[in-house]
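Reading through the structure tokens given below for one structure.
So that the names make sense, note that chain A is the first sequence line, chain B the second, and so on, each numbered from 1.
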Amino acid sequence: MAVNVGNDQLKTDEMIINMGPQHPATHGVLRLLLTLDGEMVRNVEPVIGHLHRAQEWQGQNRTWFQYQALIDRVDYLSGMFTSWALARAAEHIEGIKISPRAEYLRVMVSEMNRITSHLLWLGTYLIDLGAMFGFPFYPFREREKLLDLLEAVAGQRMMFNYIRIGGVQCNPPLGWFDKLKRFTEEFPDRVDEYEAIVTENPIFLKRTKGIGRLSKSVAMDYGVTGPTLRASGVNLDLRRTKPYSVYDQLKFEVPVLEGDGDTWARYTCRIREMRESNKIIKQCIEKIPGGTTEEIRKLGDEANKDENLKLMAKKQNSGLRVKAGEGFAAVESPRGTLGCYIISNGSDKAYRFKWRNPSFSNLSVLPELLVGHPIADIMAIFGSIDVILPDVDR
Amino acid sequence: MTVSTSTSNKTQSYGVQSTGPANIVEIFKFMRLTIIWLSIIFGAVWGACWLFGVVLPACVEGFGLPAEISQTIRYFVPLVAIMVFIPINAMFMVLFERRALALFTVRKGPNRVGPDGLLQTAADAVKLLLKEDITPRGADAFMFTLAPIIFFAPSIFGCIPLLAAATGDHRLFSIANLPTGIFYVLAASSIPVVALVMAGWASNNKYSLVGGLRAAAQAISYEIPLVLSLVTICLLAGSLDVVEIAQQQVGGFLHWNILGAGKLLAVSQASPITFVTAPLLAICCILLFWLYMTGACAEINRIPFDLPEAESELVSGYNTEYSGIKFAIFFLAEFTNLFVVSAIATVMFLGGGESPIPGFLDTGFFVSVMGTLNSLLQPVPALQWLLNSLVDPATLSCVFWAVTKIYLIVFFAILIRGTLPRFRIDQLMDFSWKRLIPLVLILFLAVAYLRELV
């Protein structure tokens with residue numbers, strides 16, 4: 001950054017910084033080629049692909065049974081949603097109808113997963129903003145409880161493999177519903193706690209209000225989805241606009257923020273979504289056919305015969321096959337619209353996979369947001385669009 | 001139903017664990033750790049000072065050597081005290097900070113090395129000493145090595161005048177006092193920024209360069225409110241001598257500079273106008289304290305003003321490329337600086353080594369304890385001599401209160417660190433130039449007038 005002082009002008013050179021792939025704030029292995037003028041960003045070029053694992057190609061070379069265990073690793077913070085998209089697309093080809101109990105269980109675990117994902121985002125976002133030590137641990141406290149519950153039902157904390165083609169894997173263990181209910185009762189207070197620390201914090205407001213404005217039209221042009229889009233004022237939530245599963249039987253609001261679409265709006269949108277997800281889980285606990293696991297146990301053999309309570313419509317073993325045909329299904333993941341397109345030729349492997357990952361489209365809008373902001377805002381903006389790098393690179 | 005309840009009891013191992021503040025145990029452990037470490041630190045410093053200030057000169061005189069030699073040895077006592085104190089104290093402060101942050105964030109903190117984690121930072125120090133000392137390719141090796149030294153040195157010699165104030169002008173330490181003490185301390189504390197720019201530039205790393213430049217901009221901006229707030233206190237006290245400023249605040253917390261140096265007590269006797277001016281002066285002084293703490297946090301690069309380091313943006317800024325002993329020195333100096341600014345705050349605003357309430361654990365109390373001990377040790381004259389040469393009750397009470405206050409301020413700084421996010425650089429500059437500096441100038445004028453009117 002050589003500075004030449006002329007007679008009447010101060011000339012500065014631009015500096016090119018290579019931010020990432022090894023950088024604490026790029027959430028994995030994103031590489032940003034920044035052109036800086038002093039502290040101001042003049043140009044950004046995201047370089048992706050460091051984590052490319054050819055997930056689609058792997059899907060074409062693995063059996064259905066193997067691939068549905070592999071696919072939750074794509075977006076490791078919300079594995080339920082990738083499994084769900086895959087399962088729904090395959091069920092679309094098969095023409096299977098899933099029992100209401102399995103659908104309710106799917107909604108419950110997915111909404112729990114959505115809360116864990118948003119909680120992790122909240123903690124890491126505050127780290128991006130420089131609150132390195134204090135706040136970030138509080139969301140993780142609640143996330144831990146939810147992960148324990150998810151572990152109890154799926155046997156794994158992040159790579160669940162719980163939602164399968166044809167239903168869900170099993171009933172939750174005994175006592176699970178009570179614990180989940182207790183969690184849903186205390187969770188709104190915990191969110192109030194976070195808001196008390198963060199939402200009105202003057203430094204937080206200064207760092208987020210009016211930063212990284214994403215207008216409606218730009219967001220739609222780039223195919224941005226999820227909370228990032230809803231914070232810009234577009235009402236697009238597949239759970240509401242194209243209801244799947246049992247979402248049409250549940251009462252919940254989709255937070256859409258009119259206004260700037262700045263990082264503060266995206267923060268607010270996610271906070272509200274956590275509250276709504278909590279409401280959905282609460283309703284599911286009340287409405288689920290068959291009730292708690294204890295009640296199902298009491299029914300005994302009747303539960304296995306009842307079509308409403310049957311969990312799995314297809315046999316889960318290495319001979320799992322899907323009929324020939326093509327199908328598409330999309331779900332609303334914590335990051336946006338997650339689509340799965342399958343062509344099956346009836347063998348034990350799929351003929352073609354195509355995933356539509358929300359993080360990829362959301363990341364593509366980054367240069368539009370960053371140019372003209374100082375370095376410190378890169379983290380505030382990049383954190384606020386909530387990108388998971390394996391989800392971008394697949 | 002009975003079956004299900006019995007099985008659900010067995011499945012308590014997963015799911016929502018018991019919540020609630022079970023932190024009492026952790027708080028107790030934290031306090032125990034603090035007391036143990038502080039006893040170790042001050043025991044070591046006290047012992048070293050006793051050896052150099054009492055035993056060694058006595059031996060020298062016992063051999064019949066001239067009194068000048070024993071006097072010269074006594075002159076080295078402040079130096080020895082600081083040399084012993086700074087490394088151990090910085091080690092303790094790192095542990096103190098980590099455990100305190102763990103308390104704020106529902107964690108346990110380091111509790112594995114040694115009994116209850118007591119030796120964690122000692123182990124860290126050993127690790128850093130054994131690490132390879134890397135100078136990056138293309139770096140200016142001389143400057144790269146010099147930077148940590150220049151960063152650390154001022155924090156050593158800067159705190160020398162404070163030693164006299166914190167020990168109540170003990171005869172062994174009064175040599176460390178200067179008539180312009182606070183001026184000297186401030187001059188010393190403005191040197192480290194040069195080292196930060198050097199470190200940033202010499203590292204041959206763009207992040208470090210940006211960090212170093214940020215450090216320069218920030219230090220220049222925040223030194224003004226910092227110095228002006230202390231200048232205002234000097235104006236109020238009428239002295240630059242830290243010992244004198246500390247001794248003026250004797251007599252309970254109402255006499256402290258933070259509450260207007262005893263002017264609140266003058267209200268009832270003086271003219272009616274003092275009913276307005278004295279509280280106003282106190283408010284001004286509280287604001288000055290707040291301004292000083294803000295400036296000090298920025299000066300020593302702590303959250304929310306840690307922009308030169310900014311782990312999430314600049315990957316630790318100026319010390320990105322440092323490793324091993326050089327990094328350890330940076331780390332040591334940062335914590336020593338925190339201790340020094342807390343010590344300045346204690347001496348200038350919080351009455352130095354004075355008890356907040358007269359009669360509560362003050363000098364008289366320590367004198368009476370010493371008297372009791374003396375009478376108990378009556379049968380053993382050797383022990384009595386040892387005790388009387390080792391412990392000076394006035395100094396003990398002074399050090400006790402000074403250290404308590406300093407560590408309370410340190411704790412407060414850690415609490416801030418555990419709460420706030422980081423400013424952005426332009427907001428930081430705005431905050432200093434548009435808010436703090438006008439405010440401190442107004443306060444300067446206000447105090448200048450109000451002290452005449454009270």
Give a yes or no on whether the backbone of B:Arg137 and the side-chain of B:Asn204 come within a donor-acceptor separation of less than 3.5 Å.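 Looks like yes, one N/O pair under 3.5 Å.
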Go through the structure and list residues passing ring pair (Phe, Tyr, Trp, His ring centres under 6.0 Å) with A:Tyr125, not counting sequence neighbours.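 By the ring pair (Phe, Tyr, Trp, His ring centres under 6.0 Å) rule, A:Tyr125 matches A:Trp121.
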Contact part of [X] toward chain B, heavy-atom cut-off under 4.5 Å: side chain, backbone, both or neither?
{"X": "A:Arg141", "result": "side chain"}
{"X": "A:Ile211", "result": "side chain"}
{"X": "A:Asp178", "result": "neither"}

Heavy-atom proximity to chain A below 4.5 Å, by part of B:Leu420: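 B:Leu420 touches chain A through backbone and side-chain heavy atoms alike.
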Quick one: do the B:Ser221 and B:Trp433 side chains pair a donor with an acceptor below 3.5 Å?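 Looking only at side-chain atoms, B:Trp433 and B:Ser221 do form a donor-acceptor pair, the distance falling under 3.5 Å.
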If the plane angle is over 60° it's perpendicular, under 30° parallel, otherwise tilted; pick one for B:Tyr407 and B:Phe96.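 Ring orientation of B:Tyr407 relative to B:Phe96: perpendicular.
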